[in-house]
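These figures come from a predicted structure and were not determined experimentally. Counting convention: from 1, in listed order, for ligands and their atoms alike.
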Amino acid sequence: MPRKCTICAHPEHEAIGAAIVTGTPYRDIACQYGVGREAVRRHKDHIAPAVAKAHEAGEVAEADRLLSTVRDLLQAAIGTITQAEHADELRTKLAAIREARETAKLLLEVNGRLQTAPTFNIIMAPEWVEVRTVVLQALSPYPDARLAVAGALEKVDR
Ligand SMILES: [Zn+2]
């Protein structure tokens, strides 16, 4: 039987979730909130369902806040790709691409879950169209990453 997640039940689970998606090291989160590092790692998989659940429960503000955190993170990663590109820092650029890809995946996962909710359709939202355009443009010099993201985007757009 799966063990209950100590972070989902934590009174500050929202803050912990935000710390995870903004890339705070697991050990720092574990230390700050007095939870296990493994629990933080496991809880990462609970974030997308949590956003969907908050939305279903009518906690639209919490769902929106989490979602916009993920969007901000994605845009920050894209900004880093561009900066590293100009500074010719290959390692930074590759790390930022990975980060953008992971974040895009999280965003898509959240979106996929929210699609069943009739009142919330991110695909029709102008912000989503903008994010999608920016992501694909930013990734254009990196065909592999672009292809992977474009493929994932196609799946949710259908
Ligand atoms: Zn959890």
Self-check item: Of all N/O/S atoms in His43, the name of the one nearest the Zn ion (ligand 1)
Solution: ND1
Practice problem: Give the minimum heavy-atom separation between His13 and Ile7, together with the two atoms involved. | Solution: CB-O, 3.0 Å
Quiz item: How close do Ile81 and Ala96 get, heavy atom to heavy atom, and via which atoms?
Solution: CG1-CB, 3.6 Å
Quiz item: Closest heavy-atom contact between Ile16 and Ile29?
Solution: CG2-CG2, 3.8 Å
Self-check item: Short N/O/S contact of His13 with the Zn ion (ligand 1) (below 2.8 Å)
Solution: no
Practice problem: Report the residues that fulfil salt bridge (Lys or Arg N to Asp or Glu O under 4.0 Å) with Glu85, sequence neighbours left out, ordered by chain and then residue number. | Solution: Lys93
Quiz prompt | Angle subtended at the Zn ion (ligand 1) by Cys8 SG and Cys5 SG, rounded to 10 degrees | solution = 110°
Exercise. Have a look at His46 and say which of its N, O or S atoms is nearest the Zn ion (ligand 1).
Key: ND1
